[in-house]
Amino acid sequence: MQIHELKLAAEPFIAIQSGRKTIECRLYDEKRQTIQLGDELVFTNREDPNQTVRVKVTGLLRYTTFDDLFNSAAPATFGSESKESLLEQIRQFYPEAEERRYGVLGIVIARI
């Protein structure tokens with residue numbers, strides 16, 4: 001079991017902290033390729049680095065695109081009300097060229 005540290009903006013951090021968001025989305029780059037079932041993630045709030053939340057990885061969803069990933073589950077599980085808003089948010093962090101290069105990962109999580 002490994003522990004991985006990730007940073008989040010305040011809104012998704014609070015959604016994970018409250019248990020509303022149960023799937024975290026990332027590129028399937030070299031760093032995320034090391035994440036395995038049973039690992040723990042420690043999320044840090046970018047706006048307040050003193051706030052952290054610890055979760056366990058209970059599932060890994062591999063897809064070619066974020067669009068495909070967002071079609072796999074209800075938007076609420078990703079912390080949003082619509083697929084369109086999810087795509088808009090994710091494009092602020094990950095350009096389509098990186099998405100095509102690495103593919104994407106949905107990390108299914110549960111609070112510890």
Side-chain angles (χ1 to χ4, degrees):
M1 192 248 345
Q2 285 187 303
I3 298 173
H4 307 269
E5 296 187 10
L6 299 103
K7 294 181 181 177
L8 283 173
E11 186 177 332
F13 177 87
I14 291 166
I16 287 174
Q17 189 177 47
S18 71
R20 288 182 290 119
K21 181 177 180 177
T22 57
I23 303 175
E24 173 60 15
C25 309
R26 300 287 169 131
L27 286 178
Y28 192 59
D29 57 12
E30 293 87 0
K31 183 177 178 183
R32 265 53 80 158
Q33 290 173 16
T34 65
I35 298 173
Q36 301 294 318
L37 290 176
D39 284 357
E40 292 182 8
L41 307 179
V42 178
F43 290 106
T44 300
N45 184 338
R46 286 184 193 271
E47 283 79 26
D48 182 357
N50 293 319
Q51 288 187 327
T52 62
V53 63
R54 193 178 202 103
V55 298
K56 184 173 186 165
V57 177
T58 61
L60 297 168
L61 309 171
R62 288 272 328 275
Y63 286 92
T64 305
T65 66
F66 285 111
D67 189 60
D68 291 341
L69 174 61
F70 296 148
N71 282 329
S72 73
T77 60
F78 298 101
S80 185
E81 294 181 13
S82 73
K83 184 177 100 170
E84 293 74 26
S85 67
L86 286 166
L87 288 168
E88 185 178 309
Q89 291 170 5
I90 207 75
R91 290 290 170 236
Q92 295 175 17
F93 299 99
Y94 302 121
E96 288 184 54
E98 287 186 5
E99 176 184 35
R100 283 190 301 275
R101 178 177 178 197
Y102 295 109
V104 304
L105 180 66
I107 308 167
V108 184
I109 55 174
R111 291 285 312 268
I112 296 176

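For the atom pair E24 CD and L61 CG, the distance stands at 12.0 Å (nearest 0.5 Å). To the nearest 0.5 Å, the span separating CD on E84 from CD on Q89 amounts to 11.5 Å. To the nearest 0.5 Å, atom OG1 of residue T52 and atom CD of residue E5 are 9.0 Å apart. For the atom pair CD1 (I107) and CG (L6), the distance works out to 6.5 Å, reported to the nearest 0.5 Å. Here H4 contributes atom NE2 and T34 contributes atom OG1; the two are 4.5 Å apart, rounded to the nearest 0.5 Å. Once rounded to the nearest 0.5 Å, the distance linking NZ of K31 with CZ of R26 reads 7.5 Å.
Closest heavy-atom contact between S82 and P75: N-CB, 3.7 Å. Listed here is the closest heavy atom pair of C25 and I90: CB-CD1, 4.1 Å. Considering every non-hydrogen atom in both Q51 and N45, the closest pair reads OE1-ND2, 2.8 Å. Of all heavy-atom pairs spanning T77 and A73, the tightest one is OG1-CB, 3.5 Å.
Partners of E96 under the side chain to side chain contact (heavy atoms under 4.5 Å, CB included) rule, at least two apart in sequence or in another chain, are R91, E99, R100. A search for ring-ring contact (aromatic ring centres under 6.0 Å, His included) contacts involving F13 returns nothing, not counting sequence neighbours. Under the ring-ring contact (aromatic ring centres under 6.0 Å, His included) criterion, Y94 pairs with F66, sequence neighbours left out.
Side-chain contact check for V42 versus I3: some heavy-atom pair is nearer than 4.5 Å. With a 4.5 Å cut-off on side-chain heavy atoms, Y102 and E30 count as touching. For the pair K83 and D67, the minimum side-chain heavy-atom distance is below 4.5 Å.
Listed by first and then second residue, the ring pair (Phe, Tyr, Trp, His ring centres under 6.0 Å) pairs that reach into residues 21-50 come to none, sequence neighbours excluded. Screening residues 102-112 for salt bridge (charged side-chain N to carboxylate O under 4.0 Å, His left out), with sequence neighbours left out, gives no hits. A side chain to side chain donor-acceptor pair (under 3.5 Å) check over residues 53-66, counting only residues at least two apart or in different chains, returns the pairs E40-R54, T65-D68.
Residues L37 and I35 share a single hydrophobic cluster, defined by chaining ILVMFWY side chains whose heavy atoms lie under 4.5 Å apart. There is a path of hydrophobic side-chain contacts, each under 4.5 Å, that joins L27 to V108. Cluster membership for I16 and F70, using ILVMFWY side-chain heavy atoms within less than 4.5 angstrom, is not shared. Following chains of ILVMFWY side-chain contacts shorter than 4.5 Å, one cannot reach F78 starting from L105, and the two form parts of different hydrophobic clusters. In the hydrophobic clustering of this structure, L86 groups with V104; members are Ile, Leu, Val, Met, Phe, Trp, Tyr whose side-chain heavy atoms approach within less than 4.5 Å, directly or through other members.
In terms of modelled atom types and a separation under 3.5 Å, the side chain of D39 and the main chain of Q2 share a donor-acceptor contact. At least one donor-acceptor pair under 3.5 Å links the side chain of S18 to the backbone N or O of I14.
The number of heavy atoms from other shown groups lying within 6.0 Å of CD (E81) does not exceed 12. Within 6.0 Å of atom CD in Q33, more than 12 heavy atoms from other residues, nucleotides or ligands are found, so the atom counts as buried in its surroundings.
A donor-acceptor pair shorter than 3.5 Å can be found between the side chains of S85 and S80.
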